[in-house]
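Structure record follows, encoded as structure tokens.
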Amino acid sequence: MSIAAIVSPPLLRSLPATSPSSFPLTYSLKPLSFSLQLNVSPLRNPNFQFTVSAMSVTAQENLSPTSFLDNKETGFLHFVKYQGLGNDFIMVNNLDSMEPKVTPEQAVKLCDRNFGIGADGVIFAMPGCNGTDYTMRIFNSDGSEPEMCGNGVRCFAKFISDLNNLNGRQSFTVHTGAGLIIPEIQPDGKVKVDMGEPVLKASDIPTKIPPNKNESVVKAQIEVDGVNWNVTCVSMGNPHCVTFGTENQNLVVDEINLADIGPKFEHHTLFPARTNTEFVQVFSRSHLKMRVWERGAGATLACGTGACAVVVAAILEGRSERNCTVDLPGGPLEIEWREEDNHVYMTGPAEVVFYGSVQL
């Protein structure tokens, strides 16, 4: 892939035209060829420098996903990059087809943070099926296809809203590999998502850990790398293994060597479909902190389905109330497991990062 770029920083619109070196960001695009609109604030990183080699800088005041994606250049993929708490995705308008415009192999290249666009996954907005408004599919950064992604579905909802120039409270029905998901854009711009019912039956998660509470795995012990960990297993449409610590001590999550222990959980023989793993610290019955190793993506700044699984596991282990704030490296999510309908609700942000085009 080759990339050539136009950059427009919307948060600097009130500033006079100036040289690229005044922008608060460092970025090198020599091997690539993209069109970008970057949201950058000079107040956050005043020492950053913005460098573009052999590229022009322009101000595009009224650029929107709709106007940008209307460009139909042959051989180019036009996309908008979104992030939810730092979990970032390349969003593709695929509403004219049920066939993804990018192959899993291409997704791996696009997600590469050194030689591609850089992302945790590529998400396709497709026509609805089974009576839903839309269909969402996602390829992870390793090319695998997960059933669902919590942060991704929030970004998906904002993408759909931006494509249709919608304002105010909006709700959609979305078909995913995990079934029906219903995101709702709130008046403050955050997205609240009805994530459905958690799956607790061990064989449906799936895990080979013997059930120890009815058909569920709750605070069971497994050995990973010679250490006995207490784990609770939950599926939010995708498998999660949640741990609050070992048999001897509770976790301090910042002390975890995630790159070392994460893959050992993900590929453990007790998880036939691999697993996402959440390492959790309890501050109070309404405040939890987690770090995550995602199946197919590795360590990420946030995982929406993981945060949901964490609250379900904390309640099952008697550690929390049904409404919790979950701190992730990228920021907090509000999670509620409602007793009256058994559904889990997730509320958090989703924002545009930039617009781009890449030659496939």
* Around E339, counting heavy atoms of other residues, nucleotides and ligands shown, do more than 12 lie under 6.0 Å from its CD? ->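 Result for CD/E339: open.
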* Asked: In this structure, are over 12 heavy atoms from other groups packed under 6.0 Å from E215 atom CD?
  ->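 It does not: E215 CD has 12 such atoms or fewer within range.
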Side-chain donor or acceptor of [X] paired with backbone N/O of [Y] under 3.5 Å:
{"X": "N276", "Y": "P239", "result": "yes"}
{"X": "E317", "Y": "A314", "result": "no"}
{"X": "T243", "Y": "F279", "result": "no"}
{"X": "D341", "Y": "H343", "result": "yes"}
{"X": "D112", "Y": "F115", "result": "yes"}
{"X": "N228", "Y": "Q221", "result": "no"}
{"X": "N93", "Y": "L95", "result": "yes"}
{"X": "Q249", "Y": "T246", "result": "no"}

Verify the cluster assignment for [X] and [Y]: are they in a single hydrophobic cluster under the rule of side-chain heavy atoms below 4.5 Å apart?
{"X": "V344", "Y": "F156", "answer": "yes"}
{"X": "V80", "Y": "L166", "answer": "yes"}
{"X": "V311", "Y": "V191", "answer": "yes"}
{"X": "M148", "Y": "F172", "answer": "yes"}
{"X": "V108", "Y": "I90", "answer": "no"}

* Evaluate the salt bridge (charged side-chain N to carboxylate O under 4.0 Å, His left out) criterion for residues R137 and E145: first the C-alpha distance (whole Å), next the side-chain angles of each, then the deciding distance (0.1 Å), finally the verdict. => CA-CA 8 Å; R137 288 184 64 183; E145 183 172 1; 2.8 Å; yes
Do we see a donor-acceptor contact under 3.5 Å between the side chains of [X] and [Y]?
{"X": "S357", "Y": "H78", "answer": "yes"}
{"X": "N323", "Y": "W337", "answer": "no"}
{"X": "Q83", "Y": "D88", "answer": "no"}
{"X": "T300", "Y": "D120", "answer": "no"}
{"X": "T305", "Y": "H240", "answer": "yes"}
{"X": "T325", "Y": "E334", "answer": "yes"}
{"X": "E147", "Y": "T176", "answer": "no"}
{"X": "D142", "Y": "S144", "answer": "yes"}

Are [X] and [Y] ion-paired here, with the side-chain N under 4.0 Å from a carboxylate O?
{"X": "R274", "Y": "E266", "value": "yes"}
{"X": "D254", "Y": "R291", "value": "no"}
{"X": "K101", "Y": "D96", "value": "yes"}

Specify the closest pair of heavy atoms between [X] and [Y], including all atoms of both residues, with the distance to one decimal.
{"X": "Q281", "Y": "V253", "value": "OE1-N, 3.1 Å"}
{"X": "E294", "Y": "C303", "value": "OE2-CB, 3.7 Å"}
{"X": "M290", "Y": "P329", "value": "O-CD, 3.6 Å"}
{"X": "A178", "Y": "G237", "value": "CB-CA, 3.4 Å"}
{"X": "A119", "Y": "S141", "value": "O-CB, 3.8 Å"}
{"X": "L258", "Y": "P263", "value": "O-CD, 3.8 Å"}

* Asked: Mind checking whether H268 and F271 have parallel, tilted or perpendicular rings, split at 30° and 60°?
  -> perpendicular
Got a second to check how far [X]'s [atom1] is from [Y]'s [atom2], nearest 0.5 Å?
{"X": "C324", "Y": "F283", "atom1": "SG", "atom2": "CZ", "answer": "12.5 Å"}
{"X": "Y345", "Y": "E336", "atom1": "OH", "atom2": "CD", "answer": "7.5 Å"}
{"X": "C241", "Y": "W229", "atom1": "SG", "atom2": "CH2", "answer": "9.5 Å"}
{"X": "I335", "Y": "R322", "atom1": "CD1", "atom2": "CZ", "answer": "14.0 Å"}
{"X": "N165", "Y": "N167", "atom1": "CG", "atom2": "CG", "answer": "8.0 Å"}
{"X": "K158", "Y": "L163", "atom1": "NZ", "atom2": "CG", "answer": "12.5 Å"}

Is there a side-chain contact between [X] and [Y] in this structure, where contact means two heavy atoms from C-beta onward sitting under 4.5 Å apart?
{"X": "V92", "Y": "V122", "result": "yes"}
{"X": "V218", "Y": "N212", "result": "yes"}
{"X": "F139", "Y": "L110", "result": "no"}
{"X": "P206", "Y": "P272", "result": "yes"}
{"X": "R154", "Y": "L333", "result": "yes"}
{"X": "L251", "Y": "K289", "result": "no"}
{"X": "M126", "Y": "S97", "result": "no"}
{"X": "Y82", "Y": "E351", "result": "no"}

* Qualifying salt bridge (charged side-chain N to carboxylate O under 4.0 Å, His left out) pairs with a residue from residues 169-186, counting only residues at least two apart or across chains -> R169-E184
* Go through I261 and W293 one step at a time and tell me if the side-chain contact (heavy atoms from CB on, under 4.5 Å) criterion holds. => CA-CA 9 Å; I261 194 64; W293 182 267; over 6 Å; no
* **Verdict with supporting geometry, V102 and F124, side-chain contact (heavy atoms from CB on, under 4.5 Å)** => CA-CA 9 Å; V102 171; F124 307 91; 3.9 Å; yes
* Asked: For I182 and V174, what are the C-alpha separation, side-chain angles and deciding distance, and is it a side-chain contact (heavy atoms from CB on, under 4.5 Å)?
  -> CA-CA 6 Å; I182 306 175; V174 182; over 6 Å; no
* Take N238 and R295 through the test side-chain contact (heavy atoms from CB on, under 4.5 Å) and record every step on the way to the result. => CA-CA 9 Å; N238 54 355; R295 179 187 61 166; 3.8 Å; yes
